[in-house]
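First the proteins, then the strands, lettered A, B, ... as listed; each starts at 1.
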Number of protein chains: 2
Amino acid sequence: MDDISIRVLALLAPEGLDAEGQGWQQRKSVQTRIAILEAAVNCLRTHGYGRTTTQLIAEMAGISRGAMLHHYATKQDLIASVIDYTVYKRWEVFLDGVRALKDPARIYKMAGIEISWNSLQTPEYAAYLELAIAARTDPALAEIFLPRARRLDQTALAETIRTFPEWTHDLEGYALAMDYATATLAGLLINRDIWPESSQQVVREFLGKTIAMLRRGELNPPT
Amino acid sequence: MDDISIRVLALLAPEGLDAEGQGWQQRKSVQTRIAILEAAVNCLRTHGYGRTTTQLIAEMAGISRGAMLHHYATKQDLIASVIDYTVYKRWEVFLDGVRALKDPARIYKMAGIEISWNSLQTPEYAAYLELAIAARTDPALAEIFLPRARRLDQTALAETIRTFPEWTHDLEGYALAMDYATATLAGLLINRDIWPESSQQVVREFLGKTIAMLRRGELNPPT
DNA sequence: AATAACAAACAAGCTTGCCGGTTTTTGCTG
DNA sequence: CAGCAAAAACCGGCAAGCTTGTTTGTTATT
């Protein structure tokens, strides 16, 4: 992995999940926590936030509920960790996708959109989306979600731009492209079961064209 | 209201909510049902689907829970009516907005997007969005939501195009423009608390330019 | 008198947080 | 290096609070 990707991921990395040079018990603990987080992610994406219970997470993680509450004393503690974990995973997938494209002209054509689309189709982003949506109407969740989400969003934006040399000197344009693509793709994710797949594909292709034109500066028509 | 709007709304109109030429008891019943539906909408948009309880709806409607269950025997019955009601209200706002623009050149500039944006900012659409999202992970809700949503979405698309003469002979283009705008704006609605308002506005303006270019056929660049 | 609208109370099922108890690992000490 | 106490990981059960659907009862309309 290149230096930039490492730095970005280091800034986004969740705490308490690195077991380097620790004893066996510590490693076991980290292993269990990751199992819990994975279970929470799967629970969120398949059952939604409202139906995600501590009982279900514990079952999917393969441990007792009492054991889980030892690692995460309250549901809020667990959710807070899930937020960091999902954001980290999303950008890991994104940077992996970018890195896989050696061609400097990678952002032309649909490349950028496909990578974004892939990073938004992960189980982790599905879980993040459930939390983001639930936070809009759940004050208790919003209290722990919004500060983290805003900070992580800003960090990811400021750092991932480094992997796109062609955007480096146009932060505003990059932010617009990112927000625009993320918003449209998130909208597609919400309507995935309502709209025909063919329609969704057309929207994605059109979005790709739009972003490509935006990058080439061809989209400032007469207002 | 013009003939086209009337016809579209007639196709989308919910059942059991017209008290024309009925007795007093019937009118009272419809009045109460509407109060319940409004309460459900407010409950959904402020507390989300997961925390929307029959108790809370009844309180917000100003009646007892027992009285509410007389009109809607089960929660599913109520939600089914809420779906029809919210879709109807959304397109009513949309068509009102279109009708208010006498200028034939109304779809130029930002007009179309602003109307869509307004129709998506209503409390009713917020409630609809909550249901759409919850249906993705709640099989019981999906069973009553998806068939209705798909049918209503198709109906609305096929009918609202009549109000845009310039689109009449390009259903595919109109469908793309609608889906594209709806997806992007829905994505904005989800991230409204995470992204700065300024960023959201930039995205909306850019979306307006994109749709306008799409309509003028200026957006088929080299792939 | 029959029906509709409305109200209140009840039982069953979940979910959360907390508590006591058990097993395994760690680290200190003689 | 053997032994032992402390700590960590883990398990099962409990009470309190909600939510849903049902049931029984009261008032008003047809």
(message) Whole angstroms only, please: what is the CD-C1' distance between A:Q76 and C:dT15?
(response) 15 Å
(request) Give a yes or no on whether the backbone of A:R192 and the side-chain of B:R136 come within a donor-acceptor separation of less than 3.5 Å. (result) no
(request) Would you please confirm or rule out a distance under 4.0 Å between OP1 or OP2 of C:dA8 and any side-chain N or O of B:S64? (result) no
(request) Please state whether the phosphate of C:dC6, meaning OP1 or OP2, lies under 4.0 angstrom from any side-chain nitrogen or oxygen of B:H71. (result) yes
(request) Count the heavy atoms belonging to other residues, nucleotides or ligands that lie under 6.0 Å from CD of A:E172, then report whether that count exceeds 12. (result) no
(message) Tell me the interatomic distance from B:D138, atom CG, to D:dT19, atom P, rounded to whole angstroms.
(response) 16 Å
(request) Check the distance between D:dT20's P and B:L141's CG and give it to me in whole angstrom. (result) 13 Å
(message) Once you measure the plane-to-plane angle for B:F145 and B:Y128, does it fall in the parallel (<30°), tilted (30-60°) or perpendicular (>60°) bin?
(response) tilted
(message) Quick one about B:Y85 and B:E38 (side-chain donor to acceptor, distance below 3.5 Å, no hydrogens or angles considered), yes or no?
(response) yes
(request) Could you tell me whether A:I63 contacts a base, only the sugar-phosphate backbone, or nothing, with contacts defined as non-hydrogen atoms closer than 4.0 Å? (result) sugar-phosphate
(request) Return the minimal non-hydrogen interatomic distance between B:T46 and B:N42, and the atom names on each side. (result) OG1-O, 2.6 Å
(message) Given D:dC11, D:dG21, C:dA4, identify the nucleotide with an atom nearest to the side chain of B:H70.
(response) C:dA4
(message) Rounding to an integer number of Å, can you tell me how far B:E59 CD sits from C:dA7 C1'?
(response) 14 Å
(request) To the nearest 0.5 Å, tell me how far A:L37 CG sits from A:I79 CD1. (result) 9.5 Å
(message) With a 4.0 Å cutoff (strictly under), does any side-chain N or O of A:T32 reach OP1 or OP2 of D:dC10?
(response) yes
(message) Starting the side chain at C-beta, find the nucleotide from C:dC6, D:dC10, C:dG17 nearest to A:L69.
(response) C:dG17
Please tabulate, for the side chains in residues 56-66 of chain A, all donor-acceptor contacts under 3.5 angstrom to protein atoms that are two or more places apart in sequence or on a different chain.
from, atom 1, to, atom 2, distance (Å)
A:E59, OE2, A:Q55, NE2, 2.8
A:S64, OG, A:A67, N, 3.1
A:R65, NH1, A:T54, OG1, 3.0

(message) How many whole angstroms separate atom CD1 of A:I34 from atom P of D:dA9?
(response) 14 Å
(request) Choose from C:dG17, D:dG21, D:dC10 the nucleotide whose nearest atom is closest to any side-chain atom of B:R65. (result) D:dG21
(request) Name every residue in residues 43-57 of chain A that has at least one heavy atom under 4.0 Å from any atom of DNA chain C, in order of residue number, or write none if there are no such residues. (result) A:T52, A:T53, A:T54
(message) Rounded to whole Å, please give me the gap between CE in A:M68 and P in C:dC18.
(response) 13 Å
(message) Judged by each residue's nearest nucleotide on DNA chain D, which is more toward the 5′ side, B:K75 or B:G66?
(response) B:K75
(request) Starting at atom CD of A:Q31, determine the distance to atom P of D:dC10, rounded to an integer number of angstrom. (result) 9 Å
(message) Expressed as a whole number of angstroms, how long is the span from A:L78:CG to C:dT16:P?
(response) 11 Å
